[in-house]
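Reading through the structure tokens given below for one structure.
Lettering follows sequence order; numbering is per chain, from 1.
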Protein chains: 2
Amino acid sequence: MSAAMKPIGRPNETLADIAYQRISEALLSGEIEPGERLVMDTLAEQLDISRTPVRDALLRLQREGLVSPAGRRGFVVSKVSEQDVVHLYQAREAVEGYAARRVAEIGGEAIDKVEKTVRSMEGIDMTDPRAVYTANMEIHRTIVEVTGNPTLLELFDQIWLRARGQVAFADYLAHDKRRTSVTESHLPLVEALRAGSDAAFAGMRKHIAEGLQVHRA
Amino acid sequence: MSAAMKPIGRPNETLADIAYQRISEALLSGEIEPGERLVMDTLAEQLDISRTPVRDALLRLQREGLVSPAGRRGFVVSKVSEQDVVHLYQAREAVEGYAARRVAEIGGEAIDKVEKTVRSMEGIDMTDPRAVYTANMEIHRTIVEVTGNPTLLELFDQIWLRARGQVAFADYLAHDKRRTSVTESHLPLVEALRAGSDAAFAGMRKHIAEGLQVHRA
DNA sequence: ATTCTCAATTTCGTATACCGTATTTGGTGC
DNA sequence: GCACCAAATACGGTATACGAAATTGAGAAT
């Protein structure tokens with residue numbers, strides 16, 4: 001998504017990274033369901049690697065809240081309750097609301113870049129939920145990115161990572177039902193960014209609240 | 001399913017946890033300085049354990065941003081720039097500002113609990129920077145805690161973890177120079193929480209901005 | 001039939017060994 | 001001295017082995 005940030009050190013994707021991606025994918029696709037048990041030995045055999053990188057992957061997933069340790073009985077896939085979704089949307093409101101305010105304060109090129117990103121999503125395939133999700137996230141992520149605050153960006157990533165499946169589906173529904181493109185539905189947000197910090201803040205809160213509404217339907 | 005519930009106390013502290021704490025402590029106390037190299041083998045020998053738990057600890061510290069991998073030359077202790085501190089304070093503003101608003105909305109017992117926590121810090125030793133830091137954090141953490149949103153609390157912890165040394169010192173200075181107790185300096189914040197959501201939000205922003213001011217001095 | 005006991009099994013945490021590669025070192029020719 | 005190259009070393013990633021805790025299952029005791 002960004003240009004070359006780390007020109008140094010391309011130490012080949014490690015097995016732990018691959019394991020992480022594969023397991024993540026399995027979780028996201030529903031191949032592994034919430035509540036199900038995840039055992040290192042089993043996963044290692046399935047992935048045809050040793051337990052060490054699998055362990056790395058699971059510890060990482062644990063820290064990200066996607067699985068939780070179940071004593072001596074492996075890990076269990078965390079279940080995302082309706083309440084959790086509300087909490088995630090609240091977290092978004094905190095982080096992205098603040099980011100919107102900052103972007104409005106910064107103004108200039110920052111907002112231009114956001115608008116450019118929004119418009120670049122014009123041609124995406126609206127029937128592909130995954131594409132819609134990614135486009136949506138890219139826009140919101142850009143808003144946080146142009147604040148120039150990497151800490152804030154990390155918080156954003158942490159929230160969105162945890163939200164994956166649920167929110168993805170919600171956003172897909174949002175655009176499908178209302179028959180609006182991702183670009184179309186985010187242009188008002190760009191307008192709000194140009195309308196000053198308070199308007200930007202309010203605009204983002206409203207935008208996120210709408211997302212939660214859709215999710216509930 | 002009314003089997004014996006685990007009294008979450010001590011599920012056996014793992015060596016990896018101990019290694020994490022020890023290394024963290026060394027980083028915080030300045031025993032290990034920013035820029036210095038950390039090598040698994042060396043650390044393992046110093047702690048008299050094998051490389052495996054040391055590796056776990058380092059990976060965790062890496063994810064928390066306290067160290068970063070340096071290719072084939074070990075890990076290096078991340079240094080916190082002045083700019084980073086600003087970014088951390090901004091992140092606090094986002095998370096804690098939102099939390100204050102929520103607490104004001106929730107009201108009732110939530111605010112009472114915050115006030116109780118603030119008042120419980122009456123008797124701490126003002127000459128102990130560590131104690132002042134902890135008391136301060138406890139108060140702010142309580143505010144986030146009573147929102148009932150665990151995701152928000154995680155964001156809070158992530159920010160404060162990374163801020164450690166710097167902020168600790170800053171807060172120490174704050175109370176030392178102004179000769180106010182932790183309780184005293186936070187009671188206005190409690191008042192703001194009772195004065196409605198906008199006042200709470202503004203109050204928290206002001207409170208955090210003051211902290212940054214002190215840091216700069 | 002229910003509970004109790006205990007051994008087999010499961011599963012993780014830790015230690016140790018191995019491998020590949022990046023870095024450093026040491027030597028050689030100029 | 002200096003540039004270059006080859007060997008040695010340092011280092012993290014991965015595999016494998018071992019031990020301990022805890023769950024499980026089967027049979028004995030009540």
Side-chain angles (χ1 to χ4, degrees), chain A residues 4 6-24 26-27 32-78, chain B residues 1-24 26-27 32 35-78:
Chain A
K6 288 200 167 185
I8 311 174
R10 200 83 310 207
N12 284 344
E13 214 165 37
T14 89
L15 286 184
D17 289 336
I18 297 173
Y20 170 80
Q21 289 169 4
R22 293 282 292 274
I23 298 173
S24 293
L27 292 176
I32 306 177
E33 289 177 28
E36 198 167 333
R37 281 176 54 186
L38 250 38
V39 173
M40 291 182 182
D41 286 306
T42 310
L43 288 172
E45 193 182 2
Q46 288 173 349
L47 296 173
D48 199 37
I49 57 182
S50 83
R51 252 180 46 198
T52 308
V54 173
R55 178 183 160 81
D56 283 2
L58 283 180
L59 288 178
R60 190 169 159 196
L61 289 168
Q62 175 189 349
R63 228 193 105 49
E64 288 169 354
L66 293 169
V67 305
S68 50
R72 202 63 64 162
R73 302 182 26 250
F75 287 66
V76 291
V77 182
S78 304
Chain B
M1 54 168 282
S2 49
M5 292 284 274
K6 284 185 189 172
I8 321 263
R10 290 294 111 191
N12 283 346
E13 207 166 40
T14 162
L15 284 183
D17 289 336
I18 297 173
Y20 171 79
Q21 290 168 3
R22 293 283 291 275
I23 299 173
S24 292
L27 293 176
I32 307 177
E36 198 166 334
R37 283 175 52 186
L38 290 180
V39 175
M40 290 183 184
D41 287 309
T42 312
L43 288 172
E45 193 182 2
Q46 290 172 347
L47 297 174
D48 197 38
I49 56 181
S50 83
R51 251 182 46 196
T52 308
V54 173
R55 178 183 161 81
D56 282 3
L58 282 180
L59 288 178
R60 189 168 159 197
L61 289 168
Q62 175 189 350
R63 229 193 113 46
E64 288 169 356
L66 294 171
V67 305
S68 50
R72 203 63 66 163
R73 304 195 299 112
F75 287 67
V76 290
V77 182
S78 306

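The side-chain contact (heavy atoms from CB on, under 4.5 Å) check on A:Ser24 picks up A:Tyr20, A:Leu61, A:Arg164, with sequence neighbours excluded. Among residues two or more places apart in sequence or in another chain, the salt bridge (charged side-chain N to carboxylate O under 4.0 Å, His left out) test is passed with B:Arg22 by none.
For the pair B:Ile49/B:Ile18, no side-chain contact is recorded, criterion being any heavy-atom separation below 4.5 Å from C-beta on. Side-chain contact between B:Val67 and B:Ile23 is absent, with no heavy atoms from C-beta onward closer than 4.5 Å. The side-chain heavy atoms of B:Arg60 and B:Leu66, taken from C-beta on, include no pair separated by under 4.5 Å.
Listed by first then second residue, pairs satisfying side-chain hydrogen bond (donor to acceptor under 3.5 Å, both in side chains) with a partner in residues 32-55 of chain A read A:Arg55-B:Asp56, not counting sequence neighbours.
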Decide side-chain contact (heavy atoms from CB on, under 4.5 Å) for A:Val76 and A:Ser68; before the verdict, give the C-alpha distance in whole Å, the side-chain angles of both, and the deciding distance to 0.1 Å.
-> CA-CA 5 Å; A:Val76 291; A:Ser68 50; 3.5 Å; yes

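Across its full length, the helix from C:dA1-D:dT30 to C:dC30-D:dG1 shows an angle of 20° between the axes of its 5 terminal pairs at either end, rounded to 10 degrees.
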Please enumerate all protein N or O atoms sitting under 3.5 Å from an N or O of nucleotides 8-11 of chain C, with distances to 0.1 Å.
{"from": "C:dT11", "atom 1": "OP1", "to": "A:Arg37", "atom 2": "NH2", "distance (Å)": "2.7"}

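Remark: P of C:dC18 and CG of A:Leu15 are 19 Å apart, rounded to the nearest angstrom. With rounding to whole Å, A:Glu13 atom CD is found 18 Å from C:dT21 atom C1'.
DNA chain D is contacted by B:Arg51, B:Arg55 of residues 48-59 of chain B, taking any non-hydrogen atom closer than 4.0 Å.
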